[in-house]
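Here the structure is laid out as structure tokens; the discussion comes afterwards.
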Amino acid sequence: MLRLFVLIVVSIGVSTPAVGADDLPRRKSGLWALSVIPPGASVPMTMQQCVDEKTDQVSATMTQPGKGCTSHTKRDGNRIVFDSICKVGATTSTTRGVFVGDFKSSYTHETTTTFNPPKAGMKEGVTKGAAQWTGPCTAGMKAGDIVMSNGMKFNVNDYKAAGRK
């Protein structure tokens with residue numbers, strides 16, 4: 001379950017599969033309010049993340065394409081469009097996503113992934129998200145801390161340091 005939360009969080013960060021970590025736009029340091037509607041859900045998951053430059057690099061590194069994946073990214077002003085194709089076992093996943101925003105005050109994203117053949121019964125999944133900078137991180141939060149709406153708290157930097165991808 002924690003892995004799912006981390007993957008969702010970094011997916012609505014500034015991570016795009018085909019852009020090198022140095023090329024990604026950087027979010028403004030501070031507290032970000034995030035919401036995401038994962039595939040099959042109707043109610044958004046909400047969370048807060050304390051961000052600094054290192055946190056964005058961790059997020060970017062965690063979502064770089066792996067073995068069996070090809071990807072392409074195009075930047076146009078405040079839009080980043082990416083496409084990726086990954087082969088995992090017998091399934092090929094094809095993803096197209098768009099991030100829009102200045103990454104200093106806000107951004108949105110939408111990704112659509114198709115699975116051929118379907119994976120765990122899912123043929124297609126759409127994820128939508130939004131993020132808003134709300135100010136400095138609150139007392140007691142350190143860079144990388146994520147607090148889910150249910151109170152669950154973890155740190156993406158610790159997650160990466162533990163060797164999880």
Side-chain angles (χ1 to χ4, degrees), residues 1-19 24-52 55-65 71 73 75-84 86 93-115 118-160 164-165:
M1 185 61 95
L2 179 59
R3 180 173 170 74
L4 172 65
F5 287 136
V6 171
L7 290 175
I8 289 170
V9 168
V10 297
S11 77
I12 64 174
V14 297
S15 309
T16 57
V19 177
L24 292 170
R26 298 288 183 222
R27 290 179 284 180
K28 183 176 182 177
S29 293
L31 191 63
W32 285 81
L34 310 168
S35 69
V36 64
I37 302 174
S42 58
V43 177
M45 293 174 39
T46 60
M47 61 210 82
Q48 292 185 320
Q49 182 179 17
C50 182
V51 172
D52 68 357
T55 303
D56 272 355
Q57 285 193 322
V58 168
S59 297
T61 302
M62 289 174 74
T63 59
Q64 292 300 303
S71 55
T73 300
R75 286 184 72 169
D76 182 15
N78 70 347
R79 293 173 49 91
I80 298 173
V81 179
F82 70 91
D83 295 283
S84 68
C86 296
S93 64
T94 303
T95 302
R96 179 169 192 78
V98 179
F99 286 83
V100 179
D102 64 7
F103 298 93
K104 302 297 179 204
S105 62
S106 66
Y107 58 92
T108 61
H109 85 91
E110 182 171 334
T111 59
T112 301
T113 302
T114 57
F115 301 96
K119 186 175 183 177
M122 182 183 289
K123 184 176 180 179
E124 181 177 274
V126 177
T127 302
K128 295 180 181 184
Q132 181 78 34
W133 187 81
T134 63
C137 295
T138 60
M141 287 187 88
K142 66 180 181 181
D145 279 350
I146 296 170
V147 179
M148 306 297 295
S149 59
N150 66 2
M152 181 177 144
K153 182 178 178 180
F154 61 96
N155 188 290
V156 294
N157 296 317
D158 297 341
Y159 192 81
K160 178 69 175 180
R164 297 181 182 120
K165 293 182 181 181

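Note: Y107 and W32 meet the aromatic proximity criterion, with ring centroids under 6.0 Å apart.
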- [ ] Kindly determine whether E124 and T112 satisfy side-chain contact (heavy atoms from CB on, under 4.5 Å), including the steps that lead there.
- [x] CA-CA 7 Å; E124 181 177 274; T112 301; 3.8 Å; yes

Task: Working for side-chain contact (heavy atoms from CB on, under 4.5 Å), residues V100 and N78 - done: CA-CA 6 Å; V100 179; N78 70 347; 4.1 Å; yes

TODO: Begin with the C-alpha distance, continue with both residues' side-chain angles, and end with the deciding distance and a verdict on side-chain contact (heavy atoms from CB on, under 4.5 Å) for K128 and T111.
DONE: CA-CA 7 Å; K128 295 180 181 184; T111 59; over 6 Å; no

TODO: Test side-chain contact (heavy atoms from CB on, under 4.5 Å) on M45 and I37 and set out the steps.
DONE: CA-CA 6 Å; M45 293 174 39; I37 302 174; over 6 Å; no

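G125 and P39 make their closest contact through CA-CB, 3.8 Å (heavy atoms, listed as atom of the first residue, atom of the second, distance). Between R26 and K104, the closest heavy-atom pair is O-NZ, 2.9 Å. Minimum interatomic distance between N155 and A143 (heavy atoms only, all atoms of both residues): ND2-O, 3.0 Å. Nearest heavy atom pair, residue G121 against residue P118, reads C-CB, 4.2 Å.
Exactly one of V36, V147, N150 qualifies for a side-chain contact (heavy atoms from CB on, under 4.5 Å) with M47. That residue is V36.
Distance alone, capped at 3.5 Å, is enough to place a donor-acceptor pair between the W133 side chain and the S29 backbone. D102 places a side-chain N or O within donor-acceptor distance of the main-chain N or O of S105, the cut-off being under 3.5 Å.
Using a 4.5 Å heavy-atom cutoff, the side chains of V98 and R79 are in contact. Using a 4.5 Å heavy-atom cutoff, the side chains of L31 and T138 are in contact. A heavy-atom distance below 4.5 Å is not found between the side chains of T114 and S93. Side-chain contact check for I146 versus Q48: every heavy-atom pair is 4.5 Å or farther apart. Residues Q49 and R27 are in side-chain contact: their nearest non-hydrogen atoms beyond the backbone lie under 4.5 Å apart. Residues T46 and L34 have side chains not in contact (no heavy-atom distance under 4.5 Å, counting atoms from C-beta outward).
Pairs engaging residues 131-148 under the salt bridge (charged side-chain N to carboxylate O under 4.0 Å, His left out) rule: D145-K153 [sequence neighbours left out].
Looking at residues two or more places apart in sequence or on another chain, you find a side chain to side chain donor-acceptor pair (under 3.5 Å) between R96 and D83. Residues satisfying the side chain to side chain donor-acceptor pair (under 3.5 Å) criterion with T95, sequence neighbours excluded, are T113.
Environment of NZ in K123: sparse, with no more than 12 heavy atoms of neighbouring residues, nucleotides or ligands closer than 6.0 Å.
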